[in-house]
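Down below is the structure, laid out as structure tokens.
Both ligands and their constituent atoms are indexed starting at 1 by order of listing. Counting begins at 1 with the first residue of the sequence. For clarity, every value in this text was computed on a predicted model and none was experimentally measured.
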Amino acid sequence: MTPASFLTLPASKPDPIFAAAKAAKAAGPQAINGTIGVYMDEDGKPMVFPSVRSALEDIAKELTRRSYSYPALTGLAEYRTSVHHLLFGDSAPLIASIASTGGTGGVSLNIRLAKLMDPAITLILPTPAWANHAPLCRSAGITTVEVPYLEDGLPSVRGVMDALQRTAGNCCVLLQVGCHNPLGLDLSTAQWNEVLAAMAKKRAIAILDFAYQGFGGTPDEDAAPVRLFAQSDVLTLITWSASKNHSIYSERTGLACAVVPDEKTRIEVEAHYSTLTRGIHSAAATFGQSVVARVQSTHRDQWLKDVAGAREMLEKKRAVLKETLPASFRKAIDGHGMFAMLPLSEEQVDRLATDEKVFMTRDGRINIAGIPLKRMEELAEKIQKCAR
Ligand SMILES: Cc1ncc(COP(=O)(O)O)c(C=O)c1O
């Protein structure tokens, strides 16, 4: 190989979300940017929740007294305890956990843990999925089967159930809990129960990806599927992200955890999580972990108000879209959380970008949380103009 060998690299494929975000930024401040999943304030700036601001002020006074030595591979104990509490309330089951580099790192660790249990395991991925799920499966080298998540435009578990029946060996199923990305459309309680029963029968592993706790309902309400699985016989792995609900995207703070039957297994699973993270990038950074721990220990009441405020704002934005867009958009915007996948062709999305400076990914996925409430009617008008 010589320096010219770089030319033999396969063509790179930019991430569709980051590519659309770059185009939106280049279009200037008047652009309507519905690309990257960040919750913006009414001035179009990334929101920092008041509870998080308070925690940051507390931590700022302690910066020179913090330890800057290597952290434990599993992360800060006080952080993990506060996330366990967010996930399970006062009656947490026995949990093996590790702090991860964002929710992304958590998904990656849990996929790798499942593969460690059976290298030939098949991962069932309902699609459309979060744009990074398939790449994370590929990089973990796990056999992946994509199944439809929608039937007539509504969430369905039929695709997963059929794949569970069809697959000969061990399976794991990657399911999103709350505020589905990119659709905003979540499984009903009945569907969660249905898929849980089928997974119990097949002895499939659940990998639950929980990235928006508090943005669909209260944090406890949103955690209901996680708690349902934790109480069942299904081997349950959970990943959690602090990026959105603690507005610390840049601190890359998340958690991977497993519901375990006994203390011996807890120690063993944490040892495996530690080995897995060591083989990727060693321990996750700890600043974001300190922020979450401080918010939850000292500013929790304010945090509950902050996430309630975000939730209400998202519902208001959806209400404007429901009032102003034609009925054919109804199903797509009827969900919860930051995203919706609008029924637009790639050509219509391209026209929105070039003619109207409205940006989303080419599949029609729009981040409602990135667009100010005061511009929602304008957004709806522009969408209608280009959808004709
Ligand atoms: C469904 C889902 N899982 C995981 C993540 C990753 O979150 P993080 O930014 O904390 O890595 C996201 C982020 O957009 C997501 O939408």
Side-chain angles (χ1 to χ4, degrees), residues 15-21 33-40 46-47 49 52 75 79 83 86-87 97-112 123 125-137 139-140 146 149 155 173-187 206-216 222-223 225-226 237-257 277 280-281 284-289 291-292 307 310 314 335-341 360-361 363 365-370:
D15 180 284
I17 300 174
F18 278 84
N33 184 353
T35 60
I36 202 153
V38 176
Y39 187 101
M40 303 287 189
M47 170 77 106
F49 290 138
V52 174
Y79 164 72
V83 182
L86 280 167
L87 290 172
S97 71
I98 183 165
S100 61
T101 299
T104 308
V107 175
S108 191
L109 287 170
N110 274 341
I111 293 173
R112 281 156 207 259
L123 184 142
L125 178 64
T127 58
W130 174 44
N132 208 17
H133 275 154
L136 289 173
C137 292
S139 70
E146 296 192 4
Y149 179 70
V173 187
L174 177 46
L175 292 167
Q176 290 190 40
V177 177
C179 303
H180 187 279
N181 182 3
L183 299 166
L185 304 172
D186 299 320
L187 298 180
I207 303 182
L208 304 179
D209 183 4
F210 193 20
Y212 299 91
Q213 186 174 14
F215 277 26
D222 281 354
V226 169
L237 308 178
I238 303 143
T239 69
W240 181 88
S241 168
S243 299
K244 329 274 170 168
N245 67 8
H246 284 74
S247 57
I248 48 167
Y249 309 82
S250 64
E251 295 311 321
R252 314 301 307 122
T253 308
L255 189 96
C257 69
T277 199
I280 306 173
H281 53 44
T286 55
F287 187 79
Q289 297 175 41
V291 175
V292 173
V307 283
L314 288 169
H336 298 286
M338 295 171 55
F339 305 104
M341 182 107 98
M360 60 190 81
T361 47
D363 53 8
R365 178 260 211 194
I366 189 160
N367 170 27
I368 297 166

Checklist line | Sub-4.0 Å heavy-atom approach of Arg252 to ligand 1 | finding: yes
Next item on the list: Measure the distance from atom 5 (C) of ligand 1 to every protein heavy atom, then report the residue, atom name and distance (to 0.1 Å) of the closest one.
Entry: Trp130 CH2, 3.5 Å
Notebook entry, point to check: Considering all heavy atoms of both residues, which atom of Cys179 and which atom of Phe215 are nearest to each other, and what is their separation?
Noted result: SG-C, 3.6 Å
Notebook entry, point to check: Is the backbone of Gly102 close enough, under 3.5 Å, to the side chain of Ser100 for a donor and an acceptor to pair up by distance?
Noted result: yes
Check: Does a donor on one side chain sit under 3.5 Å from an acceptor on the other, for Asn110 and Thr239?
Finding: no
Next item on the list: Report the relative orientation of the aromatic rings in His133 and Trp130; use parallel for angles under 30°, tilted for 30 to 60°, perpendicular for over 60°.
Entry: perpendicular
Margin query: Does ligand 1 come near enough to Ala211 that some N or O of the ligand is less than 3.5 Å from an N or O of the residue?
Written below: no
Notebook entry, point to check: Where does the angle between the aromatic ring planes of Tyr149 and His180 fall among parallel (under 30°), tilted (30 to 60°) and perpendicular (over 60°)?
Noted result: parallel
Check: Do we see a donor-acceptor contact under 3.5 Å between the side chains of Thr253 and His246?
Finding: no
Margin query: So which atom in Ile36 and which in Ala21 form the shortest heavy-atom distance, rounded to 0.1 Å?
Written below: CB-CB, 4.1 Å
Checklist line | Backbone or side-chain N or O of His133 under 3.5 Å from ligand 1 N or O | finding: no
Item checked: Where ligand 1 meets Gln176 - atom numbers and elements under 4.0 angstrom, heavy-atom basis -> 1 (C)
Checklist line | Polar proximity ligand 1 side, Asp209 side, N/O cut 3.5 Å exclusive | finding: yes
Next item on the list: Considering the heavy atoms of Gly102, write down every atom of ligand 1 situated less than 4.0 Å from one of them.
Entry: 10 (O), 11 (O)
Margin query: Just to confirm my output: which protein heavy-atom neighbour is closest to atom 11 (O) of ligand 1, and how far is it?
Written below: Thr104 OG1, 2.5 Å
Checklist line | Ligand-residue contact atoms, ligand 1 with Ser243, heavy atoms, under 4.0 Å | finding: 8 (P), 9 (O), 10 (O)
Margin query: Looking only at distances, can you tell me whether any N or O atom of Lys244, backbone or side chain, sits closer than 3.5 Å to an N or O atom of ligand 1?
Written below: yes
Note to self: Please list, in number order, the atoms of ligand 1 under 4.0 Å from a heavy atom of Asn181.
What the structure shows: 14 (O), 15 (C), 16 (O)
Note to self: Tell me whether Ser139 contacts the main-chain N or O of Leu136 through its side chain, where contact means a donor paired with an acceptor under 3.5 Å.
What the structure shows: yes
Notebook entry, point to check: So is Tyr212 in contact with ligand 1, going by heavy-atom distances below 4.0 Å?
Noted result: yes
